Every structure is written in C-alpha cells, then in structure tokens.
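Reading through the structure tokens given below for one structure.
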Amino acid sequence: MKRFYIETFGCQMNVHDSEKVIGTLEQRGYVQVQSPEEADLILYNTCSIRDKAEQKVFQRLNENRRARGKIFGVLGCVAQQEGERIFEKAPHVNLVVGSASYPRLAELLVQIEQGGRRVTGLSLDTDSTFETPVTRRDNPYRAYITIIEGCDKDCAYCVVPFTRGRERSRRSESVLEEARTLAGMGYTEIQLLGQNVNSYRDPSDPARTFAPLLEAVAQVPGIRRVRFTTSHPRDFGRDIVEVIDRNETICNMVHLPVQSGSTRVLERMQRQYTRDQYMQRIEWLKNTRRKISLSTDIIVGFPGETEEDFEQTLRLLDEVEYDQVFSFKYSPRPNTPALLLDGQVPEEEKSRRLMILQEKQRSIQLRRNTAQIGSVQEVLVEGYNSSTGQWIGRTTENRVLNFVTRPRADGSQPSREEMFGRYLPVRVTRAGPNSLAGECAIAV
Ligand code: 5AD
Ligand code: SF4
C-alpha cells in the first residue's frame with residue numbers, strides 16, 4: 001500500500017486542484033493519510049501570491065529534510081514559478097509539478113515509482129485540467145467546478161499569469177454536465193471557480209459568456225445555492241447583475257476585488273478601471289431587488305501609494321460598506337512589472353496602513369452584523385462545535401451563523417446525521433464582527 005499526505009496552501013482553485021490530485025492518486029491505489037509521518041509520498045500544493053505564502057512551503061520542506069525513504073513533491077504555483085530551482089533550494093524534493101500539468105500526473109507518478117529522482121511537469125501549454133476523470137471532494141454539500149483557468153490580465157503586482165498561464169475556458173456543456181452529476185449525487189451548493197470568471201467564453205460558442213452559464217447552472221434541478229469566484233471589475237457586466245437578480249439560487253453575495261480606492265494607484269496597478277467605474281458596478285449591485293452582500297480584496301502600500309491615495313481607499317470602505325474585506329500588504333513578486341516601479345513603501349508604513357484599514361473594516365462589520373439581530377436567515381448546516389454546543393451554519397451571504405436548536409420535549413438532541421446538509425431558518429440573536437449567533441426558528 002502506498003500512502004500519501006497532501007497539504008494545500010492558497011486559494012479555492014488550489015483546494016479544488018488538490019481534490020483532483022487526490023482523485024488521481026486514489027485511482028492509482030494510493031491511500032491518503034493525515035500526517036506526513038505515516039506517508040511514503042508527501043505533497044505540498046503551494047501558493048506564491050505573496051512572499052509569506054511562498055516561504056511557508058520552504059519552511060515545511062526544511063522541517064522534514066532529514067526524513068529518509070520518503071518521496072517529496074511540490075505542486076502548484078511555487079512549483080510553476082520556481083521550477084527546477086526548487087531542487088537546489090530543497091535537494092530532497094523529487095517531484096515538481098505546476099497546475100497545468102496535472103493531467104500528466106499519473107504518468108509522472110510512474111516515473112517516480114520507477115525510481116525517478118527528479119521529475120518535473122512544468123509546461124504551461126497543456127490544454128486544460130478540466131476533464132479530470134476522478135475528483136475526490138471532501139465537502140459533501142458544496143462542490144467546486146472550474147469553468148476557466150489562467151488569467152489574461154496583467155495586474156502589475158500579480159504572479160498568477162506566470163503560474164497559471166493564459167486564459168482557457170471550459171465548454172458550457174461540460175460544466176453543466178458536471179453540475180447535473182453533482183446534483184444527482186446530493187450536492188446542493190456549487191461554487192464556480194476561475195481566476196477571472198467574468199471573462200468566461202465557451203470555446204465552442206463565444207456568444208455563451210459568463211452570465212448565461214451562471215444562469216444555466218443556477219437552474220439545474222436540485223441545486224439550491226450557486227456562488228462564483230473570483231471576479232474582475234472590468235469584465236463584470238450588467239448582464240451578470242441581472243442574472244443574479246432573477247435567479248434566487250444564486251447567493252446574495254458578490255466578491256469584487258477593488259485593490260485600491262485611488263484611480264491613480266489603480267492605473268499604476270494596471271487594473272483597467274477607475275474608482276468611478278468600480279463604483280458604478282457597486283451601484284448596480286446595490287439597486288437589485290434582493291440585497292446583495294459585498295466583499296473585496298485590498299492591497300495597501302503598493303509602490304507610489306501616498307497617504308492621500310490610502311485615505312481614498314478608507315473612504316471607499318465607508319461608501320461601499322462591505323461585509324468582508326481581505327486586505328494585504330503589497331509583497332514584491334518575481335517577474336512582475338511592479339518590481340520596476342519607484343516609490344516602494346517602507347514595511348512599517350505598510351503595517352500601519354493595514355492596521356488602520358482593518359480596524360475601520362472591523363467596526364463596519366460589527367455595525368452591519370448587529371443590524372441583522374432579530375432577522376431570520378436560512379442557513380446550510382455545515383458542522384457542529386462540541387465545545388460550545390452550537391451548530392455551524394452558513395447564510396446565503398456567506399456569513400457564519402452559529403446556532404442552537406430549541407429544546408425538545410423529551411430532552412433529546414438532533415443527531416449530526418439529521419442536521420448536516422439541511423437548510424434551516426435561524427433567528428439571529430447576537431452579532432460579532434466576523435460571525436452571528438442565533439436560535440433555530442423551527443422545531444427540529
Ligand atoms: N502583494 C499583496 N497582495 C497581493 N494579491 C495579489 N498579488 C499580491 C501581491 N503581490 C492579493 C490581491 C488579490 C488577492 C488574491 O491577493 O488582493 O486579489
Ligand atoms: Fe496562490 Fe494565486 Fe496560485 Fe491561488 S492562483 S494558489 S492564490 S498564487
């Protein structure tokens with residue numbers, strides 16, 4: 001028996017890639033184990049979006065550099081970015097494979113099994129990884145579906161065009177077939193994935209863009225929730241807003257990364273939109289019949305960002321009132337055009353701006369979450385926290401809502417089997433900046 005351990009860093013694309021890798025390995029007779037000590041094959045699926053993420057994998061490799069008789073593999077974005085240099089930095093690594101080469105993984109494993117010392121899969125012109133025959137999904141209710149890979153934008157700070165290559169869309173029919181199969185297996189929530197889902201275009205029929213695909217997925221019988229990530233404001237058209245508005249299965253939330261509230265900085269970032277154009281999209285989303293929850297990504301301390309630019313970002317947070325903000329200090333990345341820009345912001349100044357921004361957002365979230373108290377929201381039950389005795393639910397707006405059930409007359413508790421995967425109405429009774437708490441509004 002061959003045992004493997006895999007640890008995943010980075011975004012949902014990576015999480016889903018790992019599911020595909022796990023499926024491929026299991027098909028070849030490997031068994032997944034929960035610790036590197038038990039494994040013969042140790043894989044790290046890596047992220048290189050910021051320096052810190054990249055350092056983590058080298059730390060891990062360093063920790064176990066003395067392990068004997070084990071095979072080490074580096075997958076994903078660091079693999080693609082660093083390529084054979086990884087063998088120099090960590091000589092005990094045997095396998096380096098970028099995400100575009102996962103369709104060749106089985107073949108690369110054969111080379112390893114036959115004693116290959118240094119095996120690589122680094123080509124970026126592999127067609128696609130869409131049609132992986134087996135995918136081992138961990139979450140029994142929510143399934144990821146990749147609709148587009150790679151990215152054709154060239155944001156000045158970003159490694160993704162180098163690590164995931166040019167954009168390639170998957171055929172709509174293939175996406176829909178997967179959605180129907182998943183619904184048949186009992187999945188009720190689908191998350192469509194891509195570095196930029198909004199620029200989706202069916203390769204066999206270019207008129208089928210993202211909006212019609214989203215609508216078709218939302219109408220697959222059995223699917224109750226559809227989310228999608230990630231969006232680029234430049235390609236986020238009004239047609240998408242209209243599709244969201246008329247299909248209730250599409251969740252009341254949109255993640256629309258703004259990166260900066262200053263048009264001057266956006267231009268230096270090569271984002272291809274102005275603050276006003278971004279705000280126009282926010283207007284569309286605020287004028288829908290259903291209330292749509294908004295989230296975003298922000299980078300502070302991009303080269304040349306002045307105090308005034310930063311304040312414009314703070315004002316944007318006040319204007320939009322996001323429900324969630326993912327904020328980062330700018331991190332210089334290899335190969336990216338921003339490396340050549342002047343006006344690098346000192347580390348302490350980046351930290352100061354990040355702290356101010358996060359404090360502001362925390363109070364916005366607390367205020368917005370507090371306003372939810374008293375409302376009844378539908379949650380999908382995803383877990384149970386035995387230390388607090390609360391069920392863990394998620395609202396359509398992607399908020400975590402921890403809740404208790406009403407006491408039963410006979411004093412018994414509902415079992416996990418009865419509860420997990422159910423959709424239940426929950427009355428919100430308390431709020432914090434990052435989650436809500438409540439009580440189930442019906443007897444269960
Ligand atoms: N430095 C800091 N943050 C970055 N991001 C992407 N590249 C960098 C970088 N070089 C952030 C962006 C993106 C999110 C996934 O990560 O905000 O939307
Ligand atoms: Fe990290 Fe970006 Fe690669 Fe995702 S695509 S793993 S965020 S570098």
Side-chain angles (χ1 to χ4, degrees), residues 6-21 43-57 74-82 97-100 102 124 129 144 146 148-167 193-198 229-234 236 254-261 265-266 268-273 278 295-303 305 313 316 322 324-341 344-345 347 350-351 353-354 357-358 361:
I6 185 165
E7 182 173 354
T8 306
F9 303 88
C11 62
Q12 281 129 325
M13 299 284 283
N14 253 21
V15 172
H16 187 39
D17 281 344
S18 285
E19 293 179 333
K20 295 179 191 172
V21 170
L43 299 173
Y44 296 113
N45 192 1
T46 62
C47 170
S48 62
I49 196 90
R50 283 170 292 275
D51 189 55
K52 239 201 229 154
E54 181 174 340
Q55 289 319 316
K56 245 185 238 163
V57 61
V74 177
L75 312 178
C77 293
V78 177
Q80 194 66 55
Q81 181 190 290
E82 294 298 306
V97 187
S99 65
Y102 293 157
L124 265 183
T129 52
Y144 296 124
T146 314
I148 179 168
E149 302 235 14
C151 184
D152 281 359
K153 294 276 180 295
D154 36 18
C155 302
Y157 49 80
C158 189
V159 287
V160 172
F162 307 99
T163 63
R164 290 193 175 256
R166 307 294 293 169
E167 238 168 54
L193 292 181
Q195 248 72 39
N196 176 8
V197 289
N198 309 140
T229 191
T230 212
S231 289
H232 190 293
R234 154 100 187 202
F236 193 87
V254 170
H255 181 64
L256 200 58
V258 64
Q259 314 298 0
S260 167
V265 174
L266 289 171
R268 285 169 69 86
M269 288 177 164
Q270 295 165 209
R271 285 290 285 176
Q272 305 180 24
Y273 56 85
Y278 181 86
S295 62
T296 201
D297 292 345
I298 286 174
I299 297 176
V300 298
F302 186 75
E305 184 189 70
T313 302
L316 185 118
Y322 294 103
Q324 207 171 5
V325 171
F326 302 91
S327 50
F328 314 100
K329 289 190 268 186
Y330 166 69
S331 165
R333 306 310 295 133
N335 309 319
T336 56
L339 287 179
L340 303 174
L341 292 177
Q344 298 288 330
V345 176
E347 202 52 35
K350 286 187 212 168
S351 303
R353 290 182 192 176
L354 188 69
L357 184 133
Q358 290 182 340
Q361 181 55 26

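No hydrogens, no waters, no symmetry mates; every other heavy atom, side chains included, goes into these values. Ligands are counted one by one from 1 in listed order, and the atoms in each one are counted from 1 as well. The structure displayed is predicted, hence computed values, not measured ones.
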Is any side-chain heavy atom of [X] closer than 4.5 Å to a side-chain heavy atom of [Y]?
{"X": "Thr230", "Y": "Pro257", "answer": "yes"}
{"X": "Lys56", "Y": "Cys47", "answer": "no"}
{"X": "Lys153", "Y": "Gln195", "answer": "no"}

Original post:
Taking it one step at a time, do Tyr278 and Leu266 satisfy side chain to side chain contact (heavy atoms under 4.5 Å, CB included)?
Top reply: CA-CA 11 Å; Tyr278 181 86; Leu266 289 171; 5.7 Å; no
Subject >> Plane angle bin for Phe9 and Tyr44 - parallel if under 30°, tilted between 30 and 60°, otherwise perpendicular >> reply: tilted
Original post:
Any donor-acceptor pair under 3.5 Å linking the side chain of Arg166 with the backbone of Asp152?
Top reply: no
Subject >> Every N, O or S from the protein that is nearer than 2.8 Å to atom 3 (Fe) of ligand 2 >> reply: Cys77 SG
Original post:
What do the steps show when you test His255 against Ser295 for side chain to side chain donor-acceptor pair (under 3.5 Å), and what is the final call?
Top reply: CA-CA 5 Å; His255 181 64; Ser295 62; 2.8 Å; yes
Original post:
Touching ligand 2 at all, Gln195? Heavy atoms, strictly under 4.0 Å?
Top reply: yes
Original post:
Given Phe162 and Gln81, is the side chain to side chain contact (heavy atoms under 4.5 Å, CB included) satisfied, shown in steps?
Top reply: CA-CA 7 Å; Phe162 307 99; Gln81 181 190 290; over 6 Å; no
**OP:** Enumerate the protein residues lying less than 4.0 Å from ligand 1, judged by heavy-atom distances, in chain and residue-number order.
**Re:** Ile49, Arg50, Tyr157, Gln259, Asp297, Ile299, Phe328, Lys329, Tyr330, Ser331, Arg333
Original post:
Going through the checks in order, is the side chain to side chain donor-acceptor pair (under 3.5 Å) test met by Asn45 and Ser18?
Top reply: CA-CA 7 Å; Asn45 192 1; Ser18 285; 2.9 Å; yes
**OP:** Flag this pair as yes if the NZ/CZ of Arg50 is under 6.0 angstrom from the six-membered ring centre of Phe328 and inside a 45 degree cone about the axis; otherwise no.
**Re:** yes
